[in-house]
Amino acid sequence: MDAEAGDSIENRVAFVFNQIRAATRKAGRVDGSVQLVGATKSVAIGDIRRAVDAGLTLAGENRLQEALPKIEALKDTGVIWHFIGRLQRRKVRSVVGIFDLIHSVDSLELAHEIDRRARAAGLRQKILLEVNIGEEHSKAGFLGDEVAGVLPQLGALDHVAVCGLMAIPPLMREPERARRYFRALRDLAARLIQQKISRISMDELSMGMSHDYEVAIEEGATLVRLGTALFGERRG
Ligand SMILES: *Cc1c(COP(=O)(O)O)cnc(C)c1O
């Protein structure tokens with residue numbers, strides 16, 4: 001399924017866009033309903049630029065310090081930045097407003113801090129709630145059963161816009177075995193939207209990485225986060 005290791009970034013980007021389109025159609029979904037987020041941790045600025053020139057419009061970073069010089073250097077491209085890594089409270093002030101969407105909000109406290117900083121900045125920060133869908137001790141995120149309980153409090157935050165859910169399921173050698181986790185996230189979003197809390201949307205499902213994004217798309221992903229498939233195996 002992967003592009004050949006020797007392929008150029010341009011070819012990989014084109015290949016991935018094709019795969020996304022094919023998986024979207026196979027699932028009976030509308031073209032364009034799945035967006036590609038390039039996961040750019042440890043990727044050189046020049047390589048990100050090549051991907052953007054080849055059509056990548058969204059880039060996801062895990063760490064603020066690593067992101068800032070990239071954001072500065074790639075300003076002219078218009079690429080939009082998402083925050084996809086673990087976010088510490090003391091970093092929130094710098095993240096708010098710079099990143100269009102924060103995928104990784106894993107606690108009410110963090111959401112409150114984002115709200116506070118977004119208010120100070122005079123904006124409304126789009127966020128996703130990270131769900132620990134495999135209930136793994138090693139992973140961050142709300143437990144599936146917790147989300148319904150915190151939603152009313154999140155809906156009361158004026159400067160936060162909850163746009164949906166994100167998950168990183170347990171790593172499965174066989175992508176097909178991740179399907180039930182993707183399905184569980186989609187089902188959870190469908191249940192949560194029934195709560196009809198004003199200003200909370202479940203439009204976005206951020207799920208699927210290089211080895212399993214096609215399965216994720218079949219199960220309803222709207223944002224897939226791909227690193228290796230675009231940039232090759234990470235160095236270091
Ligand atoms: C690195 C990373 C990805 C991309 O992983 P690949 O397997 O290289 O596609 C996606 N999401 C998050 C949160 C990541 O840290």
Side-chain angles (χ1 to χ4, degrees), residues 1-5 7 9 11-20 23 34-45 47-48 50-52 54 56-67 70-71 79-88 91 95 99-107 110 126-134 136 138-142 163-179 181-182 185 204-236:
M1 285 301 213
D2 286 343
E4 292 300 316
D7 272 359
I9 287 173
N11 285 347
R12 287 165 181 271
V13 171
F15 175 83
V16 164
F17 274 126
N18 269 324
Q19 297 298 104
I20 289 175
V34 181
Q35 287 191 284
L36 171 62
V37 180
T40 52
K41 59 173 173 279
S42 81
V43 178
I45 288 167
D47 286 351
I48 304 172
R50 284 173 61 186
V52 172
L56 184 71
T57 59
L58 303 174
E61 273 287 331
N62 295 65
R63 291 171 65 233
L64 181 66
Q65 290 92 321
E66 195 186 325
K70 295 176 180 175
I71 292 171
V79 67
I80 292 168
W81 294 89
H82 288 185
F83 196 87
I84 63 174
R86 196 84 168 254
L87 179 55
Q88 295 165 289
K91 302 278 173 66
V95 163
F99 294 87
D100 184 59
L101 179 66
I102 303 173
H103 290 228
S104 45
V105 176
D106 57 3
S107 74
L110 186 59
K126 292 192 281 177
I127 67 168
L128 303 179
L129 305 177
E130 180 168 356
V131 178
N132 186 354
I133 201 72
E136 296 170 280
S138 59
K139 291 231 173 97
F142 293 97
C163 301
L165 305 178
M166 179 269 225
I168 307 171
L171 184 65
M172 296 293 177
R173 195 186 295 267
E174 263 300 308
E176 196 53 45
R177 294 186 60 203
R179 184 181 296 276
Y181 297 106
F182 297 137
L185 195 72
E204 305 291 350
L205 285 180
S206 169
M207 57 186 194
M209 305 185 359
S210 290
H211 67 294
D212 57 14
Y213 65 99
E214 288 154 303
V215 176
I217 289 170
E218 287 170 25
E219 294 301 330
T222 64
L223 293 162
V224 291
R225 310 176 310 269
L226 271 53
T228 314
L230 299 174
F231 301 107
E233 292 294 338
R234 283 185 287 281
R235 304 130 289 246

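Whatever order the structure lists ligands and atoms in, that order sets their numbers, starting from 1. The model shown is predicted, which means the values in this text are computed figures rather than measured ones.
Closest heavy-atom approach to atom 7 (O) of ligand 1 among the candidates Asn62, Val37, Thr228: Thr228. With atom 9 (O) of ligand 1 as the reference point, the heavy atom nearest to it among Gly232, Ser104, Ser210, Gly60 is part of Ser210.
Counting heavy atoms under 4.0 Å from ligand 1, residue Ala39 touches it through the side chain alone. Contacts between His103 and ligand 1, counted as non-hydrogen atom pairs separated by less than 4.0 Å, are absent for every part of the residue.
When each atom of ligand 1 is checked for a heavy atom of Gly227 under 4.0 Å away, the hits are 4 (C), 6 (P), 8 (O), 9 (O). Those atoms of ligand 1 that come under 4.0 Å of a heavy atom in Leu226, given as number and element, are 9 (O). Close contacts of ligand 1 with Arg225, meaning ligand atoms under 4.0 Å from a residue heavy atom, involve 4 (C), 9 (O), 10 (C), 11 (N), 12 (C), 13 (C). Of all atoms in ligand 1, numbered sequentially from 1 with element shown, those under 4.0 Å from a heavy atom of Ile168 are 13 (C). Every atom of ligand 1 is numbered from 1 in the order shown, and the set under 4.0 Å from a heavy atom of Lys41 is 1 (C), 2 (C), 3 (C), 14 (C), 15 (O).
In the displayed structure, Arg63 atom CZ is contacted under 6.0 Å by at most 12 heavy atoms of other residues, nucleotides or ligands.
Here the rule is side-chain contact (heavy atoms from CB on, under 4.5 Å) with His103, and of Lys126, Glu130, Arg225 only Arg225 fits it.
Side chain of Asp47 to backbone of Ala44: no donor-acceptor contact under 3.5 angstrom is found. Between the side chain of Ser104 and the backbone N or O of Gly85 there is at least one donor-acceptor pair closer than 3.5 Å.
Between atom CG of residue Leu223 and atom CD of residue Gln35 there is a gap of 6.0 Å, rounded to the nearest 0.5 Å.
By the ring-ring contact (aromatic ring centres under 6.0 Å, His included) test, Phe83 is found to be paired with Phe99, residues two or more places apart in sequence or in another chain being considered. For Asn18, the side chain to side chain contact (heavy atoms under 4.5 Å, CB included) partners two or more places apart in sequence, or in a different chain, are Arg21.
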